[in-house]
Amino acid sequence: MSQQEIAWIDRIPDIPEGPPILEESVAEDEKLFVASYLQLMWWRFIKHRLAVIAGVMFIILYFIVALCEWVAPYLPETSFIQYQLSTPSRIRWVHDGKLQRPFIYGVITARDLATNRRTYTENKEVVYPIRFFVSGEEYETWSLWSTDRHLFGIDALIEERSLGVVQGQGLFILGTDRLGRDLFSRIVYGARVSLTIGLVSVIISLILGLILGGISGYYGGTLDNAIQRLIEFIRSIPEIPLIMALAAALPIDMDIIVRYFMVTVLLAFVGWTGLARVVRGRFLSLREEDFVMAARFSGSSELRIILRHMMPSFMSHIIASLTLAVPGMILSETGLSFIGLGLRAPAISWGVLLQEAQNLRSVALAPWLLLPGAAVVLSVLAFNFLGDGIRDAADPYA
Amino acid sequence: MPDRQPAQPIMEQTGNGHASAPVDTDEVLLEIKDLKTHFFLDQGVVHALEGVDFTVNRGQTIGLVGESGCGKSVTARSILSIVPSPGRIVQGEILFHRAPTADRPGETVDMAQLNPKGSLARSIRGGDISMVFQEPMTSLSPVHTIGAQIIEAISLHRDCSQEEATEITVEMLRRVNLPQPEGVLKRYPHELSGGMRQRVMIAMALSCQPSLLIADEPTTALDVTTQAQILTLMQELQKEFGMAIIFITHDLGVIAQMVDYVVVMYLGEVVEMADVNSIFYAPKHPYTRSLLHSIPKLGRKSVAGLTSRLTAIHGVVPDPYSIPKGCPYHPRCHDAVRGVCDTDNPTLHTLPGNHKVRCVLYDD
Amino acid sequence: MTRKRTRTHAFSRREFMRVSAITTAGAVVVACGSGGEPAAEEAAPAAEAPAAEEAMDMGTYKEAPMLADMVSSGALPPVDERLPSNPGVMPNAGGSNGNYGGVMRRGFRGVSDRWGPTKMQDRGLGWYDQDLNVQPRLAESWTINDDATAWTFNLREGAKWSDGAPFTSADLLWWYDNDLLNTDINPSVNPRWQSGGETMGLTAGDDYSATYTFNEPKPLFIYETLRTTARIYLPGHYLSQFHLELTDDADALQAATEEAGFNAWNEYYVDRRWWYLNPELPSLGPWKADNELSNELFVMERNPYFPFVDSGGHQLPYIDHVNHRLFETPDVFELRIINGEIDFQGRHVSLDSFTLFKENEENGDYSVYLGYASGHTAIQLNQTTKNPRLREFFQNADVRKALSVAVDRVTLNELVFDGLLTPRQYSPLNSSPQANMGQASAYIEYDADMANQLLDGAGYSEKNDAGQRLWPGTNEPLSFIVEGTASPGTQGEDAILQIVKYFAEVGITATYQYFERSLYTEHFRANEIEAAFWGGDRTVLPIVAPWIFEGTMIDRPWGVAWGLYRSSGGVDPNAEEPPEGHWIWDIWEIMDQINVEPSDARRNELFTQVLDIWAEELPMIGYLGEAPKLVIVKNGFQGYLEGFPLDDTTGDEHLLHTETYYWDNPADHS
Amino acid sequence: MLLYIVRRILFMIPTLAAISILSFAIIQLPPGDFLTSYAAQLSQEGDLVDEAELEALAQRYGLGQPVYVQYWKWIKGIATKGDWGQSMEWQKPVAELIWERLALTVVLSMSALLVSWFIAIPIGVYSATNQYSILDYSMTAFSFIGLGVPGFLLALIVLYLAHSQLDMNVGGLFSEEYMLAPWSWAKIMDMLAHIWVPMLIVAISSTAGNIRITRANLLDELNKPYVETARAKGVKETKLIWKYPVRVAMNPFFSTVGWSLASLISGTTLVAMVLSLQTTGPMLLRSLTAQDMYLAGTFLFMLSTLTIIGTLISDVLLAIVDPRIRLEQ
């Protein structure tokens, strides 16, 4: 500023500095201001009502993952021999015209001799109330303790006829599969594998994609060219044969779940390229932006430029792709099974359950066997809405 | 405006220093009366504007001053009726007196009552009132050429062919002193420097010869030299086109250089307004005074450098959700009177010389 | 064809029907009897010849309308000239003769599924009747000498290839001289054409007779002539152009070979020899290829020269076209079935979807016929596995017995198969001439205690805390991998997983591993397999296809290295000679006797001895068998009967002569 | 730009060479070769394994030779004669088998891609501009259902519902009478009558993803100052949204469109299997399991080439739509 201007400013009457009169309220204000950023985020998140529901769903899902033995009324391998492909039990509230706690009627099973289909009719004489914390089959949780209490179930006499094959009435809230196993219990057990293993590969490919895409887009030049050719090359290796080759390479006596884990991790090393390219595209355009230039000229470290200035500007894209990757990971389980590399029975996962239901006879005769698909959709919805909620809440522009 | 001589030296750098509007300044162009714009968020209602009144005459340059978040930009957007969702004008009038043209007589439009997406609002927006934004870097679409963006503005408001619009554009680019305007036409924003982009923005804003230009901190993001060039350019153009300008800034130096009349805002209210000399030489409101105080001075221990001049005022602007009771400024005010300032918000007093101030200190 | 058939004194149509009804009724009675008579090479064509004579009495033979059109336009000679002087008369299983015309729709899975269409189309010198006895077909009759070292076949005079060229003993010789013995085409001769290590000889008596000679007895030779899988004749008049040693224009052949993308003439020749790749190849079957099998729709068209008629003198087949439509997954195929778009098929129709098929019978206007599948639910413990501890374990007969009685077959059957199967060991089907109830029911009662005792007694009594039995003297749990190709959600996979659970109950840790079929093949060929789960079939005529019983069919790998030893003569790098005095030597010796034993009854007796060894040693462990086999038959489609066994050896659902099937209303199915 | 494209194309040659080697190597990785799977098939289909025939086949396809010799023979055939080798399983020259299938696949994938965009972009834009509206929520939920259900399961359900509810058969791409017919107008019409079901099924799963990405990207752009500038110019709101933020939000689309073609092609595999479509997917999968070397190799090579070309197209498209990106650097 010029000398004259400053002289001009000097003519402004001095205002005493020093503490304002109402000091304490200012201090409170500052606290409020600091708190309010997180609070603001929380408010924004709360505002996204579906995100909140999704968050609750998410918590429930992982609660089930942790305690599936307890949540499931039966062991996943228990076959109720007269109840193959049983329709879902009808849960009732009214018996003899009186409102009661939820219960089911006993079910009489018969076989149609012509078509061999089992038919199920309710016997309105026999009532099995649904109770919480009933005792049933014994199980062990986390190899820690052993108990026979289940979250819910019915009190009915179950007699083992042969190994894992039982006779008696069961509560099948989602019906049974072709071996008379309770589908709900199987879905609950399946959550454990489906909601954990694949996440690892999603995270690995996310990290790789961000780093390599970022480097490529930020530095450009030869490095970019090299990474781009690498991506191009990796992308053009067709996945299916690669997996088949991997299958041949892994030892055959490997545990099926470990094997699946290995495959997903290996796939992550192929799967990062998609995100990397998007990240690169964003970096390429961002690095031309003046605010990045400015930060660079002002001597900010490059990591800081990337993390502080560039990354936030496409956080939403990352969160979106991340939440999109989750269904991909659950679905890839079924895809991998298709070529013999995914999980297979006796392992239980949603992919395995879906794959077992993936034939015309299930669709036509026992459509409830497709319910694991609903579990997939539900968890995909939960992941996505939660992701959306977090994204919107953290969005610096909103 | 002979009183603005002290600001002249800045312009010596450009060697081109005139600063007078050629248009009769007594004719009212825009009247804002008791304007209230609120943002309806789930966390609560933010009273961004709580009753703003001021008037802009034709050819006059008004300065809108205040810290960030005091409602300057919301005022500007309210005038254009482009208040972003979930904001809404809830009360008040924005009377815009449209000059007559060949097609239609002069009329008075209340922008506050218009459907913001309607055709009348859109024809005024960009045609009669246009705006230059703060960030020249991001205010232009990165994927369209400069030419396309200006031509679009012209085609929207002027009845002319594509060729004519192109000609006008080239002319406008020349007017804002861009070298090789034909070349600029085909360039993309990222190929231009910040100053050039702001010139483009100005060219675009003026391309339809508006009667009111709102400049929302047009020079904040530019370096000092470029700032001065842009300001000079705007003065020249104002002289040439005769439009009124609402100049939004928190830079008092710019105010001193550019404007005739100053409106000081704090938390959605006008706390003081007066002609530029009265504001600088006889500020009344404690807030205005502390604003002026916050300007760094040579030869005196600076409280804060240029970068943090906004925090130079003690305390910070309160959280918009919990505006203090009484005078909103009282928690930061050195002159606050306990029992008075924290209970009642004073009204706007008119002092001699069309000087208005909202403070109990000037209660009769 | 010069002979005229102008005799017009004829039976009335009704009389004719009566005659044919009697013939077929007789056949049905025999079919219902148990077992069936021994396959009879002596059985002259006498039983059927009269019917043909009567047919001739009818006057001229009759032909399909589509051929009649071609005859009248001059594109084809009259039917009398196309048929041999003594055409084969096919019994019609349904009893009555059929109508001409219509299309039969079926499904197939691609070129690798060529056997589906091929089994309908290939016709050998003889074929089974309903009692599984062999009857003359392309050959009019045959004779064998006493020690079964010389087989003389008499062909039908005047029979013609589908291009009109005569079919004579020269076509047998052409194949023998230029194909079988040509080392460019056949580097080595398949053992089926050999005896005592020497390749058979072939001489032609006249145009219509040919004699095969062997240096050791070959009593089962007739079974090699029933299908043309390994060829017994070839249309030399056509194929010579692709044979470098016979062609008139070697340069043109060379050029054509290159043009078609082959390295050498023999490759091109082999390509041209496949009927399903070369629609021009003359055929002797009821249908010939109309296009190539690599298409989405493979069309077969009637052979106008097919040398067989029904008892009414109608030239067969009845059906004009057979359309095979490609499908990729079973679902599309099953949907076509329940949509009523499959007219007649047993192949690929899976028992898993029994209920689905039954419930849609009315909707799709078809019926599900039940036959018997030759397959068994069984596991094979590779007694020659490379792991020495496991080998010792598997070679212990008590262990195999224990693993047999450890499984609750009744519950397994009910749980997985809705009770549709029968608990039994891998054994000849009840309808087989070699059926043996003693062997079928050996060690099939569920008895976990006995299993535990047997295992304890065999020296595997130590267990760890988890209840797993341990390798003797170690802390390592005894475990093995069962490989298989049963895919997820199928009854096969359910069954093996359940069996593995039963094993665990008696302390044996087994893991089922799915493998893609070629990987599985790779494993057993290299003797890398520990145990396998693959259903045992070929139980309809096990004497004809005894490979599983003797251990040489190593995709049922109960003794891979031994099987390789026998089939390769010890040459295979993975082959291993069985220990001296081992029971497998006994099986092999008996099989060697069977192979040269001319007496049918004696052969069956000998085979019973093999089964006795099986009953005691359980070389492979069968759990369930006698599975129903589903055949989809569109309503209005006639000629097929319910209740027959379906096995590869007997042509699956084509056992009863597909050419005699017909539509009630052909016009609705064209 | 032209120079850039030429340089990239030149770059493709070594990449393709590397890929062809890799494809070939991958096929060789699993133990065994075509003969083992062929032998497996023979015994499965009820035939004795005829060692002589296997021997002849080995000779014919050069299976006994070292891998590099086989590779060299194959690649030489391609380079000099345009001969892609023989399919062992189909017993036909590869070239006769794949072109029509490739064309059908590209038609199917391209139309699915276009349909997916036509559906996804307006919905995504609506969702972003009307964030948290009921329609936004329901579109989102709907798209996730599309995303959460595996395509082949969807295909199966559609297949069955079409049969049981509509009494129509949706399998295949052609009616029986056109399967063998040469290409004609009628055949094309017949194909169009069949193609929409698989097209929709393939499109649905990618649509869901596209909606999400459009919405997210657009939300990023909607608050950018240039949108306000345009609004202050008086541009009509709908036009403004489509002309400015949507244009910019589409950039990530363009940067992956080339790939999505290739991934769509493999994405159609399972759907094609369920619906029995004569596209490349099922044949590729089978050629791989059967270790039908030259057929599988050619397919892999083609898919890889498609991917590389797709990438190039993506890069060029991105440079066209986003002037901030300079190709020459």
Side-chain angles (χ1 to χ4, degrees), chain B residues 42 73 76-77 79-86 115-145 148-150 152-157 186-191 197 200-201 204-205 207-208 210 213-214 216 221, chain D residues 1 121 125-133 135-137 214-215 217-255 315-329:
Chain B
D42 284 2
S73 293
R77 283 160 178 77
I79 295 169
L80 281 170
S81 72
I82 54 167
V83 180
S85 168
N115 172 12
K117 290 179 182 172
S119 63
L120 181 54
R122 278 190 285 111
S123 76
I124 292 176
R125 205 188 292 152
D128 297 284
I129 310 175
S130 57
M131 187 158 169
V132 175
F133 290 91
Q134 184 172 358
E135 286 279 349
M137 320 300 165
T138 51
S139 294
L140 288 164
S141 162
V143 296
H144 296 89
T145 58
Q149 297 188 53
I150 300 179
E152 182 185 35
I154 295 169
S155 322
L156 277 169
H157 300 287
K186 295 185 194 101
R187 310 282 282 275
Y188 286 95
H190 71 273
E191 298 171 291
R197 278 188 239 179
V200 168
M201 283 298 291
M204 188 158 78
S207 60
C208 297
L213 175 70
I214 302 173
D216 187 356
Chain D
M1 174 94 80
I121 294 176
V125 169
Y126 180 90
S127 273
T129 49
N130 297 275
Q131 214 184 347
Y132 307 131
S133 64
L135 256 167
D136 174 27
Y137 278 137
T214 308
R215 180 179 180 274
N217 287 343
L218 190 55
L219 281 176
D220 277 357
E221 295 299 325
L222 274 182
N223 293 311
K224 293 273 174 74
Y226 69 85
V227 181
E228 201 169 33
T229 306
R231 198 170 283 135
K233 270 198 276 190
V235 182
K236 215 172 175 173
E237 192 65 18
T238 339
K239 186 184 173 192
L240 178 147
I241 297 284
W242 285 91
K243 185 166 177 186
Y244 294 97
V246 173
R247 243 321 278 289
V248 180
M250 285 302 101
N251 285 355
F253 252 153
F254 290 112
S255 67
D315 285 350
V316 170
L317 272 181
L318 190 61
I320 289 171
V321 298
D322 192 340
R324 288 171 295 181
I325 287 164
R326 287 173 227 140
L327 289 179
E328 280 76 15
Q329 57 186 326

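So that the names make sense, note that chain A is the first sequence line, chain B the second, and so on, each numbered from 1.
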query: Which atoms of Leu80(B) come close to chain D, meaning under 4.5 Å heavy atom to heavy atom: side chain ones, backbone ones, both, or neither?
result: side chain
field: Non-neighbouring partners of Tyr226(D) that pass ring-ring contact (aromatic ring centres under 6.0 Å, His included), sequence neighbours left out
entry: none
message: Looking at chain D, which one of Met201(B), Gln149(B), Arg77(B) has the largest number of heavy-atom pairs inside 4.5 Å, strictly under?
response: Arg77(B)
- prompt: Is a side-chain donor or acceptor of His157(B) paired with a backbone partner of Arg125(B) at a separation under 3.5 angstrom?
  reply: yes
task: Could you look at Val227(D) and say if it's the side chain, the backbone, both or neither that has a heavy atom under 4.5 Å from chain B?
output: neither
query: So, Glu191(B) side chain and Tyr188(B) main chain: donor-acceptor pair closer than 3.5 Å or not?
result: yes
message: His144(B): which residues meet the ring-ring contact (aromatic ring centres under 6.0 Å, His included) condition with it, sequence neighbours left out?
response: Tyr244(D)
